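Working notes, structure below.
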Amino acid sequence: MTAATLASSVERDEGVRRAYSADASGLVMVPEGVARPTSGAEIAALLAEASANGTAVTCAGGQTSTTGASISDKGIVLSLRGMDRVIELDPEARIVRAEPGVFIGELKRTCAAHGLLLAPDPTSEEECTVGGAVACNASGARSLRYGATRSHVRALKVALADGSLVELRRPSLEKNTVGYALAHDPVDWFVGSEGTLGVVVEVEFGLLPLPEQVVGLAIPFAAEQDALDFVVAARESRKVHPRCLEFFDRRALAIAREAESTPGWAKDADAFVYVEEVPPAGMAPALDEWLELAEQRGALVDDVNVYEGESSLREARRVRHAVPATMNERGSQRRPHGGRKVSTDWAVPYARLGEMLAKARTFADVAGIEQAVTYGHAGNGHPHQNFIAHDGDELRRIEAVVEETLREAIAMGGTVAAEHGIGKIKRRWLPMQMSPLQVRTMVAVKRELDPAGILAPGNVL
Ligand SMILES: Cc1cc2nc3c(=O)[nH]c(=O)nc-3n(C[C@H](O)[C@H](O)[C@H](O)COP(=O)(O)OP(=O)(O)OC[C@H]3O[C@@H](n4cnc5c(N)ncnc54)[C@H](O)[C@@H]3O)c2cc1C
């Protein structure tokens with residue numbers, strides 16, 4: 001192919017630039033240009049030229065980032081959406097290779113048609129891409145059982161800032177003492193690097209067999225603390241087999257109720273926990289054991305909703321997705337007033353989640369701000385708190401409360417960002433968790449791979 005040049009392939013039209021200026025963070029940054037390549041070779045040529053003349057390049061997939069990671073007002077946005085081919089699916093080897101612009105939900109359905117499970121499952125799977133999920137190391141409800149995206153990436157093809165294309169495959173060594181561990185597996189450099197170290201142009205995922213049986217249960221509780229105690233009991237029980245343990249507080253329950261086909265569901269409930277039971281092959285789902293566990297923790301067992309079968313489980317997912325989707329909508333309505341949604345993704349050891357949430361709520365009360373809608377991956381000690389800042393002043397007060405909450409999460413052995421990455425919005429909180437030595441090491445890696453600093457400036461570091 002003829003090498004693309006920045007001059008020939010970058011669109012400068014204002015309408016196009018504005019179409020790539022926002023993600024789910026609430027920030028708006030209009031780039032100087034947009035490139036929409038269709039091959040790895042084209043991307044490599046663009047990067048070589050961008051490095052030579054110092055043009056910033058920020059990758060964009062589905063632009064569902066909650067941290068401003070896929071937008072920039074410097075240089076160009078490189079949209080990978082045009083690279084949307086599934087290259088190979090090998091049911092015997094249980095692998096799938098895809099270009100970065102394929103949507104995760106679509107790729108999952110393609111794999112499922114062959115009896116295989118693509119395990120990464122961000123709630124945003126219908127809107128987020130393979131490249132974005134790899135670059136953010138996306139995770140989701142089912143990561144409780146399967147782990148985050150990282151553990152399913154077998155190999156990557158990456159365009160580096162100098163214009164070279166490299167193919168990286170995870171080593172299959174059982175023992176290895178060669179060199180520093182941080183250099184053993186370069187695939188790990190790029191997973192979770194938020195577009196700062198290279199452009200992912202192809203991904204190979206390992207696949208799992210589709211589970212034989214999945215049963216979803218929405219279990220309501222009259223008291224939030226009972227629901228959180230139930231989550232801890234379920235994690236520690238040997239009788240049940242959860243692949244997710246999701247908590248919804250009173251405010252999240254109110255949104256879910258509106259999205260439910262039976263809106264009056266569990267009228268005495270103050271919280272609910274959604275679980276998916278996936279028994280080992282050949283075993284029946286442990287439904288009696290779940291109900292017993294729930295009853296022991298004070299659940300409203302007469303109101304438990306059971307979801308069985310593909311369409312019913314999809315409906316359960318739709319109801320849960322209504323919570324972040326509604327909060328995004330509420331946040332975007334406040335943008336003209338200087339407000340937005342503020343979303344946390346801190347995590348603590350799961351057994352301390354109840355204690356941590358109580359503290360987080362006290363911080364909000366003391367600051368006089370409206371309590372967050374809180375929901376998410378309680379089985380991993382990882383809720384999302386969604387605040388709505390109605391204006392710029394409230395935004396500052398909410399951010400102060402979030403910062404106080406993050407300090408407490410770190411003190412409990414937790415993290416400031418378990419799922420959505422750092423991007424631009426959370427950069428100031430990275431040093432809370434990482435030592436100066438760790439930050440200097442990351443800066444050194446960034447300098448080595450991107451000496452001109454063109455890739456995703458402002459993300460992470
Ligand atoms: C309603 C909602 C629910 C969400 N739920 C979850 C959830 O459950 N779990 C979760 O983990 N996240 C969730 N997210 C956040 C977001 O969907 C994920 O981070 C997702 O992985 C981003 O994918 P994307 O294609 O939209 O990437 P974008 O937002 O376009 O980009 C994200 C980052 O990836 C980089 N990038 C994109 N493509 C490439 C590439 N090919 N090469 C190198 N870098 C690249 C970008 O530069 C940016 O840094 C949610 C977001 C929303 C709005």
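Atoms within a ligand are numbered from 1 in the order they appear, just like the ligands themselves. Nothing here was measured: the structure is a model prediction, and the numbers come from that model. Along the sequence shown, the residues carry numbers beginning at 1.
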> Quick one: which ligand 1 atoms are inside 4.0 Å of a heavy atom on Pro100?
Replying inline: 41 (N)
> Would you say ligand 1 has an N or O under 3.5 Å from any N or O of Thr66?
Replying inline: no
>> Side chain or backbone, does Ala60 bring an N or O within less than 3.5 Å of an N or O on ligand 1?
In response: no
>> For the residue pair Glu408 / Trp346, report whether a side-chain donor-acceptor contact shorter than 3.5 Å exists.
In response: no
>> Measuring from atom 36 (N) of ligand 1, which candidate in Ser70, Ala135, Gly192 has the nearest non-hydrogen atom?
In response: Ala135
>> Nearest non-hydrogen contact with atom 33 (C) of ligand 1 belongs to which option: Gly132, Ser65, Gly376, Cys136?
In response: Cys136
> So which bit of Asn328 gets within less than 4.0 Å of ligand 1, heavy atoms only: side chain, backbone, both or neither?
Replying inline: side chain
> Does Glu194 reach ligand 1 with a nitrogen or oxygen that is under 3.5 Å from one of the ligand's nitrogen or oxygen atoms?
Replying inline: yes
> For ligand 1, is there an N or O atom under 3.5 Å from any N or O atom of Thr64?
Replying inline: yes
> Is any N or O atom of Ser139, backbone or side chain, closer than 3.5 Å to an N or O atom of ligand 1?
Replying inline: yes
> So, His390 and Glu370: side-chain donor and acceptor under 3.5 Å apart, yes or no?
Replying inline: no
> If you measure from atom 46 (C) of ligand 1 to every heavy atom of Cys59, Ala138, Ser25, Gly195, which option wins on shortest distance?
Replying inline: Cys59
>> Does any N or O of ligand 1 fall below 3.5 Å from an N or O anywhere on Asp121, backbone included?
In response: no
> Does the side chain of Glu419 pick up a donor-acceptor pair with the side chain of His377 at under 3.5 Å?
Replying inline: yes
>> Looking at non-hydrogen atoms alone, which of Gly131, Ser79, Gly198 comes nearest to atom 43 (C) of ligand 1?
In response: Gly198
